[in-house]
Amino acid sequence: MSSVSMKNICKKYPNGFEAVKDFNLEIADQEFIIFVGPSGCGKSTTLRMVAGLEDISSGDLIIDGKRVNDVEPKDRDIAMVFQNYALYPHMTVYDNIAFGLKMRKVPKDEIDKKVKEAAKILDLEQLLDRKPKALSGGQRQRVAMGRAIVRNPKVFLMDEPLSNLDAKLRVQMRTEISALHHKLKATIIYVTHDQTEAMTLGTRIVVLKDGVVQQVDSPQKLYNQPNNLFVAGFIGSPQMNFVNATCKVSGSDVTLNFDKFSIALPPAKAKKLVDGGYNGKTVIMGIRPEDLGDSDYEMSTYAAKIDSNVTGYELLGSEVILYFQVGGANMSAKVESSTTARLGDHVTLALNPEKIHVFDHDTELTITN
């Protein structure tokens, strides 16, 4: 397996549209990298440039120490798993997996050995003589992966491979892909718009917006220390709550004021706002739904509280999402299912000031996490 280096990569189309702008990334050997972002952010375009299916307008793509910008896709030693599986309907599972090896004139006995090894890894041994139409969506996806595995490529590329599967199967396949990564010790670049998929699979995640890299970090760091408002809102479900607040500085003390509420910030966070000269300015306060609570413990522990009428109630089994409005902003709280709050009730919610994120209103960059 191999490392991948992407230096100042851009993709500009003849009509002037720039799909990817100055993309820089170093991917280590055996790393599982996820490209995530909304539709049209440039993640699939970037993956296709690595595959050689899209020309690189400028910059350098280096795989295993060799610049491959002008190398044909078939000679890049990469394998791609597509969203729609791309299986040959008239061929059996065995022949679909073996196809790439046959095209490379690999000896028959070696093909047989590799196909059976891949089938064992992917639990396809009983299905080798079936045609794709006789398989479920999950089985077809495994066949597509088998076709990639037998190639033993330097890099695996996966373009939203689970988006056509139902929710239950998607969770199962996530587990299988993760186990496959550990088993093969492979370098994988994986594209998805599903941030849950990104958080559960990736060793590092690349968050993209409008062709620009917003942040590259571990799932934990993206969640706890987002670089900007976009990353904070994109990572996490339900998304982080945001409300405009006025910053008031009194010596070393700082409060964020919105609606009828005034929240005192802890000293470390307060210092960032004092040092940044934010007194009297509007900032954006962020708090995750899971950091708002209505339990007796939270009420007695945290002095910071907000209250509002419940405008929406969703039971998720062990948890409940309560929706409400504060300061003109739609907000949500993820609380325990034992909550007595229901639609239309007036609720008081405690929040942990240590968990507050503050963003610059104009640049949308993080002031403090």
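Quantities reported herein were computed from a predicted structural model and do not represent experimental measurements.
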Is a side-chain donor-acceptor pair under 3.5 Å present for [Y] with [X]?
X      : Y      : value
Asn8   : Asp22  : yes
Asn227 : Gln214 : no
Ser44  : Asp159 : yes
Arg174 : Thr200 : yes
Glu336 : Thr339 : no
Asn352 : Glu354 : no
Asn330 : Gln325 : yes
Asp194 : Thr192 : no

* Test ring pair (Phe, Tyr, Trp, His ring centres under 6.0 Å) applied to Phe230 - qualifying residues, sequence neighbours left out ->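 Result, ring pair (Phe, Tyr, Trp, His ring centres under 6.0 Å) vs Phe230: Phe234.
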* To do: Please list, chain by chain and in numerical order, all residues satisfying ring pair (Phe, Tyr, Trp, His ring centres under 6.0 Å) with Tyr13, sequence neighbours excluded.
  =>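 Tyr13: no ring pair (Phe, Tyr, Trp, His ring centres under 6.0 Å) contacts found.
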* Asked: salt bridge (charged side-chain N to carboxylate O under 4.0 Å, His left out) with Asp60: which of Lys7, Arg67, Lys66?
  ->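 Only one option passes, and that is Arg67.
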* Could you tell me how the ring of Phe32 sits relative to the ring of Tyr190: parallel (under 30°), tilted (30 to 60°) or perpendicular (over 60°)? =>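 Ring orientation, 0 to 90° scale: tilted.
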* Taking the six-membered ring for Trp, are Tyr88 and Phe99 parallel (under 30°), tilted (30 to 60°) or perpendicular (over 60°)? ->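 Rings of Tyr88 and Phe99: tilted, as their planes differ by 30° to 60°.
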* To do: Report yes or no: do Met240 and Phe261 belong to one cluster of Ile/Leu/Val/Met/Phe/Trp/Tyr joined by side chain heavy-atom distances under 4.5 Å?
  =>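 No: no chain of side-chain contacts under 4.5 Å links Met240 to Phe261.
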